[in-house]
J.: 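My questions all concern the structure below.
Per chain, numbering begins at 1; letters A, B, ... match sequence-line order.
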Number of protein chains: 2
Amino acid sequence: MKLEILSVQHLPEIRFGMNLGQSLLDAMRLSGIELESRDIVAVTQKIVSKAEGRVLQLDTVEPSAQSAAIALRMKKDPRLIEVILRESKRIVRMRGEVLICETHHGLICANAGVDQSNVEGMDAVTLLPKDPDRSARDLARILGCGIILTDTFGRVWREGLVDVAIGIARVPLFIDFRGKHDTYGHPLNVTVLAAADSLAAAAGLVMGKTSRTPAALIRGFPWEESESNTAALLRAPEKDLFL
Amino acid sequence: MKLEILSVQHLPEIRFGMNLGQSLLDAMRLSGIELESRDIVAVTQKIVSKAEGRVLQLDTVEPSAQSAAIALRMKKDPRLIEVILRESKRIVRMRGEVLICETHHGLICANAGVDQSNVEGMDAVTLLPKDPDRSARDLARILGCGIILTDTFGRVWREGLVDVAIGIARVPLFIDFRGKHDTYGHPLNVTVLAAADSLAAAAGLVMGKTSRTPAALIRGFPWEESESNTAALLRAPEKDLFL
């Protein structure tokens, strides 16, 4: 098997109201790439959020007393804390300068995905898309291929960040080896590979954080169309053997 | 940037005492691949363990009273539990059928990496290499390229397994964006990308669990030679904001 992962060049600066799918198609054309139905395009959350207008100016935000108290304790902007709390279902951890939240989608990540980098204006922040799977499906319809929306998350027990899938269309989330046997005929212990997260991590290697390449093309990965919903990636706390 | 990830074909069945580096070189030659110094070869823990003789026949194992008690509770083979405990510094979680351990290397994973799949004989298990970084360095010397030893781990909060780096040679563990700025001149929030783990996850996509392709070639990823040690990937529990 041979996988190719390309960073997508020639994307314009994405702004609210732009047709991101069309911009991606144009960028592919300018790059001489002919999209195929079995291609997967990985797109960072950031440009999807911008296209969907999920950008907030902090000077429009009125912090609550709770946000102000947390901000004081964490030495952060109370307006930023207010936005993070609005995006959160619950605070999972709060220590030092880091706030780990469960977003309304059920994602567990730093600052509920609220991010100040790569946004115009010092006082602007991006929020995660409201429904990342719907965003992915919209892009899949326009591009005619598989789509993975990615974001960059920290992990438990291991240093450094990796890109994971926060939205998906057509591509399966998992490759299920259950019921299969190894070359010796034993049932396999490694049962369910998180394919979408692995693809997101792979794409993260070519999507520079400083350069303007917020999309990647993945070609050569065999997959069958599936009705994926990233909710299935999120493990219920009571099922989490690692916690 | 364009990344290519190929599964390495033509590897023989790896057994104790074989020169795995030479087997990999032969497989590359048979595949028509000319290795370059900036290539990265990802190798699953399983074949490294086999080459190094880290395979144990369970009928040689005498379970302790503690292992027998845990085995009874977990409905597992007491000899398997005995091996897992010998490979562990501590038990992190024990629930249902899953035992999460910290290995002597400091890795946190199911069953301390002791695995029954893809080993000859129903009663044989593989253990993780004693010093995966040394194993990686040995291979790097023979192959003349970067090496990542991989294993397949579960994660907290997210379903499914991904391949991670458990040993490394030459390749850096992280890409550090600290001190860098985004295209708008703001300091970047996403600071340290876990490159080695992302590369391992990418390689995991082409290394079939059922087929005999326990190695992958990664070409096109820009990296500078570094004295990596996977210990730096392991986050100290007291620093773990996610826990």
Side-chain angles (χ1 to χ4, degrees), chain A residues 1-7 93 95-96 98 100 108 115-120 122 152 154-164 173-174 177 180-184 186-190 192-195 197-199 201-202 204-206 209-210 212-213 221 232-235 240-243, chain B residues 1-7 93 95-96 98 100 108 115-120 122 152 154-164 173-174 177 180-184 186-190 192-195 197-199 201-202 204-206 209-212 221 232-235 240-243:
Chain A
M1 193 193 308
K2 181 179 172 179
L3 225 67
E4 288 183 328
I5 306 171
L6 280 90
S7 52
R93 299 287 181 271
R95 208 184 304 176
V98 180
I100 310 291
I108 294 175
D115 194 8
Q116 287 184 289
S117 66
N118 281 305
V119 202
E120 233 171 330
M122 264 323 269
T152 310
R155 298 94 49 85
V156 178
W157 291 318
R158 294 177 77 83
E159 295 284 353
L161 299 112
V162 291
D163 279 20
V164 299
L173 291 167
F174 305 107
F177 295 101
K180 297 201 173 156
H181 293 76
D182 64 23
T183 39
Y184 299 97
H186 311 161
L188 277 170
N189 283 352
V190 170
V192 182
L193 187 76
D197 277 343
S198 300
L199 290 161
L205 291 164
V206 308
K209 298 284 172 278
T210 53
R212 205 171 284 173
T213 51
F221 184 69
L233 253 175
L234 311 175
R235 185 179 290 155
D240 207 322
L241 290 156
F242 280 94
L243 280 185
Chain B
M1 194 193 306
K2 181 180 173 179
L3 225 66
E4 287 183 329
I5 306 171
L6 279 91
S7 53
R93 298 287 181 271
R95 209 185 303 177
V98 180
I100 310 291
I108 294 175
D115 194 8
Q116 287 183 290
S117 67
N118 281 303
V119 201
E120 235 172 329
M122 264 326 267
T152 310
R155 299 94 48 85
V156 178
W157 291 320
R158 295 177 77 83
E159 294 285 353
L161 299 113
V162 291
D163 279 20
V164 298
L173 290 166
F174 304 109
F177 295 101
K180 298 202 173 155
H181 293 78
D182 64 22
T183 38
Y184 299 98
H186 311 161
L188 276 170
N189 283 353
V190 170
V192 182
L193 187 76
D197 276 343
S198 300
L199 289 161
L205 291 163
V206 307
K209 298 284 172 279
T210 52
S211 54
R212 205 170 285 175
F221 184 69
L233 253 175
L234 312 175
R235 185 179 290 154
D240 207 323
L241 290 155
F242 279 95
L243 280 185

J.: Quick one: pull up CZ in B/R158 and CZ in A/R235 and give me the separation to the nearest 0.5 Å.
T.: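 If I round to the nearest 0.5 Å, the distance is 10.5 Å.
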J.: Mark yes or no for whether B/S7, through its side chain, and A/M1, through its backbone, hold a donor-acceptor pair below 3.5 Å.
T.: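 A pair under 3.5 Å: yes.
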J.: Nearest 0.5 angstrom please: A/D197 CG to B/L205 CG, how far?
T.: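 Atom-to-atom, A/D197:CG and B/L205:CG are 10.5 Å apart.
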J.: Can you measure from CD1 (A/I5) to CD1 (B/I5) and round to the nearest 0.5 angstrom?
T.: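 Interatomic distance, A/I5 CD1 to B/I5 CD1, rounded to 0.5 Å: 4.0 Å.
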J.: Which atom names give the shortest non-hydrogen contact between A/E159 and B/A232, and what distance separates them?
T.: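 That closest heavy-atom pairing would be CG-O, 3.6 Å.
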J.: How long is the straight-line distance from CG of A/L193 back to CG of B/D163, given to the nearest 0.5 Å?
T.: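 One gets 6.5 Å once the value is rounded to the nearest 0.5 Å.
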J.: Considering only heavy atoms and a distance below 4.5 Å, find which of A/L199, A/L173, A/V162, A/L233 pairs most often with chain B.
T.: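 Of the options given, most contacts go to A/L233.
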J.: What's the shortest heavy-atom distance between B/S198 and A/A201, and which atoms?
T.: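 That would be CB-O, 3.6 Å.
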